[in-house]
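So you know, we letter chains A, B, ... as the sequences are listed, proteins then strands, and number each from 1. The figures that follow rest on heavy atoms only: side chains count, while hydrogens, waters and symmetry mates do not.
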Protein chains: 4
Amino acid sequence: MSADRPSRTAHHGNRHGRSEQARRAVLEAADDLLAERGFAGVTIEGIAARAGVAKQTIYRWWSSKVDVLIEAFVDDMAQHLTPPDEGDLESELRTHLRRSARFLTRSDPGAVFRALAGQAQHDPEMAERFRTECLGPQRALDRRPLERAIERGELPPDTDVDFALDQLVGPLYYRVLVTGHPVPEEFTDALVERFLAPFRTRRAAEPRA
Amino acid sequence: MSADRPSRTAHHGNRHGRSEQARRAVLEAADDLLAERGFAGVTIEGIAARAGVAKQTIYRWWSSKVDVLIEAFVDDMAQHLTPPDEGDLESELRTHLRRSARFLTRSDPGAVFRALAGQAQHDPEMAERFRTECLGPQRALDRRPLERAIERGELPPDTDVDFALDQLVGPLYYRVLVTGHPVPEEFTDALVERFLAPFRTRRAAEPRA
Amino acid sequence: MSADRPSRTAHHGNRHGRSEQARRAVLEAADDLLAERGFAGVTIEGIAARAGVAKQTIYRWWSSKVDVLIEAFVDDMAQHLTPPDEGDLESELRTHLRRSARFLTRSDPGAVFRALAGQAQHDPEMAERFRTECLGPQRALDRRPLERAIERGELPPDTDVDFALDQLVGPLYYRVLVTGHPVPEEFTDALVERFLAPFRTRRAAEPRA
Amino acid sequence: MSADRPSRTAHHGNRHGRSEQARRAVLEAADDLLAERGFAGVTIEGIAARAGVAKQTIYRWWSSKVDVLIEAFVDDMAQHLTPPDEGDLESELRTHLRRSARFLTRSDPGAVFRALAGQAQHDPEMAERFRTECLGPQRALDRRPLERAIERGELPPDTDVDFALDQLVGPLYYRVLVTGHPVPEEFTDALVERFLAPFRTRRAAEPRA
DNA sequence: GCCTAATCGAGACGGTACGTCCCGTCTTCGG
DNA sequence: CCGAAGACGGGACGTACCGTCTCGATTAGGC
């Protein structure tokens, strides 16, 4: 993340740009507070106090605590959810779904994600941002294995990738966000198996035809 | 919900229990506020003011605004989501999933559900209650068509009903709560189709064997 | 006090009059609360809880917590502040002022008196009751030694008793209620001395004339 | 009181201290409410609303409504109760006692004083503050005529000034706070006369010796 | 090497809602 | 009819944060 931003030295205010130090302190403080005290325990005042930053500095660069958390999440997301490229659909899907489940249920950024997804239910404008900045990139990564499989001919070229994704990750998110059931590897593996079955059946059947 | 409570005449409180009038006013006010102003616009003070009720009366019977919304939701849920009993699995599932989608995306109680599901991400204790009181009964209803199909022999007796449900409704909730995509009938029908396909294939294949 | 009321047997409500048991429990509870927690710690709810009495029972017989305290005070006052009748003004005044000082500064009913006097500053109607029911009788007792002295010829018949009282007890109340200074016997004795001096001087001078 | 504070320009708060505008608005609102609705009508919420100030701003600088009233009173006191310096004890005392009586019974700050004196009966900590901040300065002013008289030789050098004050103002406060009797000039003049009599008698007698 | 302007920390400000306490009224039912 | 019990509509409490504002100190580029 800091890679795509010009490096900024620590300073106490000047006319030429914001303090990177303050920015990082704010994002970390927000992450920490979320982990320690939950979403309700994240407040602008709390972030400011923990980050050693003035409230005004937060309001200058972010519009709300949700905005801070989105930025904090985006910083972490890409690192965790890039699916592997192994040349085999089943294997890639198994790995990716296992990782996704682990990310969502166990990791700190996963907790941030759940909190943001929760807040999105309360605030349509925020939901829009959440979908654009958090879900969009993630879903783009999710598509990759399927697109590569289509290119390789493992899946038919007319495959509805979006529908496929909904079938593959939908039950996963459902467990994480709705039922709260655990998401063991058996579960994600079974989703992959169920998803791939028709294609295997077809292929097995076709030679006979 | 009102069915399991003895009818109570209007009164201003006495030793024999609470005022049903106040209870209903509170639930309605909460529902209305959620519909009009969103979750953040639902406050205990706002509910009290709109319901013409003292704050203390709310705190006496509910522990938080979420508690009020849960009760309001439970009152509405059963009426909307009882799946039909038509003797045909495919038909029942299509109808039930269509209704569920409509309920979640279009109705006022659906909005309450989404808000509660959102809040559940922020508050583990509340999530527990949400799952017990809202999801449990709903999921019990969801199971019915599948269980009847097993009894009728439409599905094999060893069918994993929970896994089946996750596949059927998971993608639906995923769209509603996460991606925010619309949930047209084509989508739910396709989920049913995808779910039933293996069983049809098997049955179609068996006679040949 | 209970002497001027018909004896009432303990009961839990009947059509034959109020419960003396409840009345006494309320008065005692109010006294105790005042002693333990101060005036602000005396609440109708607190009295009711401690006395094992319903709030309504208090409101049925008293108009406010102040009303309860007034009744509690009146019960106690007369016992403590009846001045002695010794046939000697100086002696009677010394004793009475010493007792009054002790009563006001040390005793539990004195604490009630101070609280009531305080509340009288905030509430003109209550002040009226306070003066009629608490101060009136007390001041009538205070007058007695002076009136007897006039009858005996120790004081001139045109003595302004009210003014005399203001001089005698005014500084005492001033210390108790305003400055909070202690009121030792030297102080009250000096007040008596200062009050009687002119009469002694005159008598001493007259024979010479 | 405003004399010992640097003048502050109007502002909405900054690191350099509080808003003088808010402070004055609060004190005036408290005074007004006391005059209009009595002590019970003075509430923090009421003061805040009338002063156009946030409750938190009051709690930031004062600990209670009583604290506000004390500050409001102190602001007013010195202006009203500085005794005259005329070089004649009797005259100064007459004037000062008349003014004091008028202040206590008729003026708005006098009403504040009575309310504070009342509250002091309910709250020992507050009583301490009341005595230090309100009574102390006032009593220091009260002493002045007597001290000057001692310097001038009008009173003997061993005069007990405190006892003298108790005799002079005690009955006055007694009437104001306890009996509620009016305090006409005849009354205060008589107190002065009674107080000075022994000294005149003595001086008149001495030349003969 | 100043000047100047954006940014920093700090924190007071007017507000909203919180959850609690107590008010005084009411409604019941048992004795 | 009185009593205990306790729910009710209300008002104020004192607290936590909100988002805005003003301030003096800090700091780097332009003059």
Side-chain angles (χ1 to χ4, degrees), chain A residues 9-19 21-22 40 42-49 51-61 63-65, chain B residues 9-19 21-22 40 42-46 48-49 51-61 63-65, chain C residues 8 10-19 21-22 40 43-46 48-49 51-61 63-65, chain D residues 9-19 21-22 40 42-46 48-49 51-61 63-65:
Chain A
T9 58
H11 56 86
H12 280 240
N14 64 47
R15 61 190 302 186
H16 305 292
R18 65 194 287 193
S19 158
Q21 185 177 313
V42 181
T43 65
I44 297 286
E45 299 221 323
I47 295 171
V53 143
K55 278 166 66 181
Q56 188 56 50
T57 299
I58 300 181
Y59 283 110
R60 204 180 339 258
W61 303 109
S63 64
S64 66
K65 73 173 183 177
Chain B
T9 58
H11 57 84
H12 287 137
N14 58 47
R15 70 185 305 184
H16 305 292
R18 60 196 290 193
S19 160
Q21 187 176 314
V42 182
T43 65
I44 298 285
E45 299 221 321
V53 143
K55 278 165 68 178
Q56 188 57 51
T57 298
I58 301 182
Y59 284 110
R60 206 183 334 261
W61 301 110
S63 64
S64 66
K65 70 173 184 177
Chain C
R8 284 178 282 262
H11 55 87
H12 278 241
N14 63 42
R15 58 197 309 183
H16 307 293
R18 69 190 286 194
S19 158
Q21 184 177 315
T43 65
I44 298 285
E45 300 221 322
V53 143
K55 279 165 65 181
Q56 187 56 50
T57 300
I58 301 181
Y59 283 109
R60 200 174 344 252
W61 302 109
S63 65
S64 66
K65 71 173 183 177
Chain D
T9 58
H11 57 84
H12 288 136
N14 58 46
R15 71 185 306 182
H16 305 293
R18 61 197 290 193
S19 159
Q21 187 176 314
V42 181
T43 65
I44 298 284
E45 298 221 322
V53 143
K55 276 166 69 179
Q56 189 57 53
T57 297
I58 300 181
Y59 284 110
R60 209 185 329 264
W61 302 110
S63 63
S64 65
K65 71 173 183 177

In 5'-to-3' order, the base (B), backbone-only (S) or no-contact (-) status of each nucleotide in nucleotides 18-24 of chain E, using a 4.0 angstrom heavy-atom cut-off, is BBBBSBB
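- Not counting sequence neighbours, D/Gln56 has no partner by the side-chain hydrogen bond (donor to acceptor under 3.5 Å, both in side chains) test.
- Taken to the nearest 0.5 Å, the OG1 atom of C/Thr43 stands 8.5 Å off from the CD1 atom of C/Ile58.
- Applying the side-chain hydrogen bond (donor to acceptor under 3.5 Å, both in side chains) rule to D/Lys55 yields the partners D/Glu45; only residues at least two apart in sequence or on another chain are considered.
- Taking A/Ser64 as the reference, A/Val66, A/Asp67 meet the side-chain contact (heavy atoms from CB on, under 4.5 Å) condition, with sequence neighbours excluded.
- Proximity of C/Thr57 to the phosphate of F/dA4: a side-chain N or O atom is located under 4.0 Å from OP1 or OP2.
- Atom C1' of nucleotide F/dA7 and atom CD1 of B/Ile58 are separated by 14 Å, given to the nearest angstrom.
- Residue D/Val53 has its side chain nearest to E/dG14 when only E/dC8, E/dG14, F/dA4 are considered.
- Between C/Ala54 and C/Ala48, the shortest heavy-atom contact is C-CB, 4.2 Å.
- Here the P atom of nucleotide F/dT26 and the CD atom of A/Gln21 are 15 Å apart, to the nearest Å.
- Residues passing the side-chain contact (heavy atoms from CB on, under 4.5 Å) test with C/Ala51 are C/Ala25, C/Val26, C/Ala29, C/Val53, sequence neighbours excluded.
- Comparing A/Trp61 and D/Arg60 along DNA chain E, the residue whose closest nucleotide (by nearest heavy atom) sits nearer the 5' end is A/Trp61.
- The side chain of B/Ala54 has F/dG9 as its nearest neighbour among F/dG3, E/dC13, F/dG9.
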